There are 2 protein chains.
Amino acid sequence: MFDVFQKYLEEKIKLTEQNLELIQSVSVIKKLRKHQYLLQADDVWQYNSFVCKGFVRTYYVDNKGQERILNFSPENYWICGDKASLASKKPSKYNIDAIDASEILLIRKTDFEMLCKKIPVLNDFINSISQENFIAMQERICVNITFTAEEQYTNFIQKFPAIANRVPKHMIASYLGISAETLSRLRKQATKK
Amino acid sequence: MFDVFQKYLEEKIKLTEQNLELIQSVSVIKKLRKHQYLLQADDVWQYNSFVCKGFVRTYYVDNKGQERILNFSPENYWICGDKASLASKKPSKYNIDAIDASEILLIRKTDFEMLCKKIPVLNDFINSISQENFIAMQERICVNITFTAEEQYTNFIQKFPAIANRVPKHMIASYLGISAETLSRLRKQATKK
DNA sequence: AAATACTCTTGACAAATGTCAAGAGAAATT
DNA sequence: AATTTCTCTTGACATTTGTCAAGAGTATTT
């Protein structure tokens, strides 16, 4: 499964064979059955992680007991994980589990930092991804504070058609912060138009 | 006004005099009258910026013509600006203007990159701030998709009491994505309890 | 000092969204 | 094949939130 990650990297940046070997030497593949956890709330998150195969979600349970999905991570994407837990070594408030059977590449925080120091192009690449994530997150806040539920849903399926087709509707509702019933009714209305 | 920034930096990291001089050499102070723009939508944003004095907000106008506030930046904080515009040189979708008369320290993108390369401690410091911002943004998304309007307001005044006391209520409503009237009613209810 | 603009509140009503309960069909499990 | 679980929808109703209009009190400007 490392080859998936390697292919991803090689499409983005130029790496020597030595660099690749170094990266591989600190990479671990973890297989997840469907519904299996990669991280459970109250554990400490200590990896950078990449989805080689499958599909994963990050969620938490709110004060009313409802699951709220913070992020979907499909194949060929990094998992956001819990940066707060990663930085502070405090227990995570998030759970990560497999929506489909998955294979996840893990690199320990310290190893990852070592890689970034030794491989400047990797460091630059990771920084640019962080920046993209930041922008995407800001976009999401804009959508949240501006759009109605219907507009949010339309925006979601237009922006993430692959995810929209792959996950159950109630998860999309959870991601958007609306109830599954409301989403169902919005969908009904939309077909009428 | 550079001394405010200098003091801020020296509390966080160790810098040589040369470093400080280098930073100062690329820093520009811009004074803003109340309500004056630092950035207008459709212009390109090209700075890293820090509020030495005053108070600034970042907002955009939504498709229904309403102002939506993305961020408040008080004294001694960086202004988020528009990272997308900064990165791509495309016109910004955001406006930044002064809530109070302000003095803003500006460093051009290219100069800022030069500083980060030449001063590793600065680079590390900026990275850690980016990370904190990222975590804060994720928190905000959680709040948005989980909390009711009332919970969001309570959370806001508890988390940012200084801002809450300083800006008009309708701006807080705009930041939270609720109407000014709703906020007013929530406040009334809260006093009854 | 007068005029103007801003801030906050309130009422009345409409629209959007949530909650609870139920059921039908599809998918997964045994 | 039967059972169980999951997914999606629907109805009925309550609650929350938005919109429009108005007004009172504060700041700000002229």
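We use all heavy atoms of the structure for the numbers below, so side chains are in, but hydrogens, waters and symmetry mates are not. Below, chains carry the letters A, B, ... as their sequence lines are ordered, and counting in each starts from 1. Everything numeric here is computed off the predicted structure, so don't read it as measured data.
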Positions of residues 153-162 of chain A (non-hydrogen atom under 4.0 Å from DNA chain C), listed by number: none
Counterpart residues, side chain to side chain contact (heavy atoms under 4.5 Å, CB included), relative to Lys159(B) (two or more places apart): Glu139(B), Asn155(B)
With sequence neighbours excluded, residues passing salt bridge (Lys or Arg N to Asp or Glu O under 4.0 Å) with Glu67(B): Arg57(B)
Terminal axes of the helix from dA1(C)-dT30(D) to dT30(C)-dA1(D) (five pairs each): angle between them, nearest 10 degrees: 50°
Inter- and intrachain pairs under salt bridge (charged side-chain N to carboxylate O under 4.0 Å, His left out), touching residues 10-30 of chain B, at least two apart: none
Which residues share a side-chain hydrogen bond (donor to acceptor under 3.5 Å, both in side chains) with Thr148(A), sequence neighbours left out: Glu151(A)
DNA chain D-proximal residues of residues 56-63 of chain B, any heavy atom under 4.0 Å: none
Toward the 5' end of DNA chain D, by each residue's nearest nucleotide, Lys34(B) or Gln66(B): Gln66(B)
Along DNA chain D, first and last positions that approach a heavy atom of chain A under 4.0 Å: dT7(D) to dA12(D)
By side chain to side chain contact (heavy atoms under 4.5 Å, CB included) - contacts of Ile135(B) (at least two apart): Lys83(A), Ala84(A), Gln131(B)
DNA chain C contacts among residues 171-183 of chain A, heavy-atom distance under 4.0 Å: Gly177(A), Ile178(A), Ser179(A), Glu181(A), Thr182(A)
Contacts of type salt bridge (Lys or Arg N to Asp or Glu O under 4.0 Å), residue Arg140(B), not counting sequence neighbours: none
Co-members of the apolar cluster containing Leu186(A) [side chain, <4.5 Å]: Tyr37(A), Phe55(A), Tyr59(A), Val61(A), Ile69(A), Phe72(A), Ile99(A), Tyr153(A), Phe156(A), Ile157(A), Phe160(A), Ile163(A), Val167(A), Met171(A), Ile172(A), Tyr175(A), Leu176(A), Ile178(A), Leu183(A)
